[in-house]
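First comes the structure, then the notes that go with it.
Remember, it's 1-based here, ligands and their atoms both numbered in the order they're listed. Everything quoted here is computed from the prediction, not taken from an experiment.
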Amino acid sequence: MTLFPGVALITGAASGIGRATSISFALEGCRQIAISDINLNGLHETAKYMKEVSSEIDILVQQVDMQEEVQIEYMVQAAMKRFGRVDYAVNCAGVGGTRERSTDLTAKQFDFVTNINYRGVWLSSRAELAQMLKQEPLPTHDGRPGSRGAIVNIASQLGIVSTYSAPAYCAAKAAVISMTRSDAIDYSKENIRINCVCPGIIDTPMTQGDSGFTKALETSIAIAPMNRRGTPQEVADACLFLCSSKASFVQGHAMVVDGGYIIN
Ligand SMILES: NC(=O)c1ccc[n+]([C@@H]2O[C@H](COP(=O)([O-])OP(=O)(O)OC[C@H]3O[C@@H](n4cnc5c(N)ncnc54)[C@H](O)[C@@H]3O)[C@@H](O)[C@H]2O)c1
């Protein structure tokens, strides 16, 4: 029996952690999966990989800009229309932004990072919660009581500790952790679980190439006791655990997947 008999929805699924999470749901037996991103070509590529690991899968591909409330609402409604429910939602879409101190950062740059990394996650989790409130729990893998739904918001180790020249990014990620806890308190009585995952330096396009972050990334990797980048799969595994009924008593948690960075 699969741990994922329900419907999954993943944002930011065209690349990196979102792609690895989408493929993992397919691999672990989830049969109905909605994926979204602003990058449609990347989404189709993700769907192709998902079909390679699962022949019986039904995938809903949607191009969505996480800055747009109407598009986000439509994304969840379309998943409901196609599959009838949303059980596991992983809100992965995010941007790194530019590397500036506050006095060199424009309000436009600040809004861009905040609107995708924080407001966009709030909008998508709000839309997912609204649907989960209307549905009954599915059976669980061992007969324990299940939840009406499980949401995982992707934050960052930089929501817990900080770094130089990234005020908007760090603040948005801290906000995601805080919002996750607040929602977890509010929706526990309705039997919905909301957690977040805080990745360290993960080997995705966000941390590759010659970005303004390169030097800071190398420093962070050197600080982390495990002294390497994580893989998108290692973050996806944490997301799937938190979505599964094996995490039935995990609520409002910020699970750090960072090779020990924040403990050092
Ligand atoms: N890679 C890391 O080291 C790391 C560390 C901590 C947290 N994170 C977080 O993990 C999440 C995934 O990042 P990743 O590393 O996989 O990066 P990535 O760049 O590979 O993936 C991010 C995805 O988000 C999508 N996206 C960006 N803006 C969007 C928008 N407006 N609307 C819809 N989709 C949009 C991109 O198209 C892309 O597919 C992000 O929230 C990021 O902040 C990453």
Side-chain angles (χ1 to χ4, degrees), residues 9-24 34-47 49 61-72 74-75 90-97 99 111-125 127 152-163 166 168-177 179-180 196-209 211 213-214 216-221 223-224 226 228-236 238-239 254-259 261-262:
L9 183 154
I10 302 104
T11 76
S15 176
I17 294 166
R19 171 175 285 174
T21 302
S22 305
I23 296 168
S24 291
I35 57 174
S36 78
D37 201 288
I38 201 166
N39 172 0
L40 191 57
N41 289 339
L43 275 180
H44 285 307
E45 213 174 314
T46 299
Y49 292 132
V61 173
Q62 297 187 84
Q63 187 174 35
V64 176
D65 182 348
M66 299 309 288
Q67 297 172 97
E68 299 296 333
E69 180 177 4
V70 173
Q71 292 184 28
I72 294 168
Y74 183 82
M75 166 186 81
V90 183
N91 297 310
C92 262
V95 290
R99 195 89 204 188
D111 287 345
F112 179 68
V113 171
T114 307
N115 286 343
I116 297 171
N117 290 3
Y118 172 34
R119 183 175 177 270
V121 172
W122 176 70
L123 286 171
S124 52
S125 67
V152 175
N153 296 320
I154 301 299
S156 171
Q157 67 181 18
L158 293 179
I160 298 171
V161 296
S162 209
T163 188
Y169 186 87
C170 295
K173 294 302 187 179
V176 168
I177 295 170
M179 176 193 73
T180 298
C196 61
V197 168
C198 302
I201 309 298
I202 308 302
D203 196 12
T204 72
M206 190 177 280
T207 61
Q208 290 159 354
S211 72
F213 287 88
T214 309
L217 294 176
E218 295 310 324
T219 309
S220 298
I221 293 163
I223 289 169
M226 291 183 75
R228 66 167 173 85
R229 288 168 189 252
T231 66
Q233 185 64 56
E234 289 172 315
V235 182
C239 294
M255 180 176 282
V256 180
V257 182
D258 72 342
Y261 178 84
I262 67 158

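Without hydrogens or angle criteria, S36 side chain to V64 main chain gives no donor-acceptor distance under 3.5 Å.
The shortest N or O to N or O distance between N117 and ligand 1 is not under 3.5 Å. Remark: ligand 1 and Y169 share an N or O pair separated by less than 3.5 Å (distance only, no angle test). Considering both main-chain and side-chain atoms, I17 comes within under 3.5 Å of ligand 1 through a nitrogen or oxygen pair. Any N or O atom pair closer than 3.5 Å counts here, and I202 shares at least one such pair with ligand 1. Any N or O atom pair closer than 3.5 Å counts here, and N39 shares no such pair with ligand 1. Of the polar atoms of I201, none of the N or O atoms is found under 3.5 Å from an N or O of ligand 1, judged by distance alone. At least one N or O atom of D65, backbone or side chain, sits closer than 3.5 Å to an N or O atom of ligand 1.
The side chain of K173, and not its backbone, has at least one atom closer than 4.0 Å to an atom of ligand 1 (non-hydrogen atoms only; side chain from C-beta on). Under 4.0 Å from ligand 1, not a single heavy atom of C198 appears. Contacts with ligand 1 closer than 4.0 Å are made by backbone heavy atoms (N, CA, C, O) of C92 only, the side chain lying farther away.
Proximity to G200 (heavy-atom distance under 4.0 Å) selects the following atoms of ligand 1: 2 (C), 3 (O), 4 (C), 5 (C), 6 (C). Proximity to T207 (heavy-atom distance under 4.0 Å) selects the following atoms of ligand 1: 1 (N), 2 (C), 3 (O). Against a heavy-atom cut-off of under 4.0 Å, M66 is close to the following atoms of ligand 1: 30 (C), 31 (N), 32 (N), 33 (C).
Evaluated for a side-chain contact (heavy atoms from CB on, under 4.5 Å) with Y169, the options T114, N117, T163 yield exactly one hit, N117.
With respect to atom 28 (N) of ligand 1, the closest heavy atom belonging to the protein is V95 CG1, 3.6 Å. Scanning the protein for heavy atoms near atom 34 (N) of ligand 1, the closest one is I38 N, 3.3 Å.
The CG atom of N115 lies 6.0 Å from the CD atom of Q67; values are rounded to the nearest 0.5 Å.
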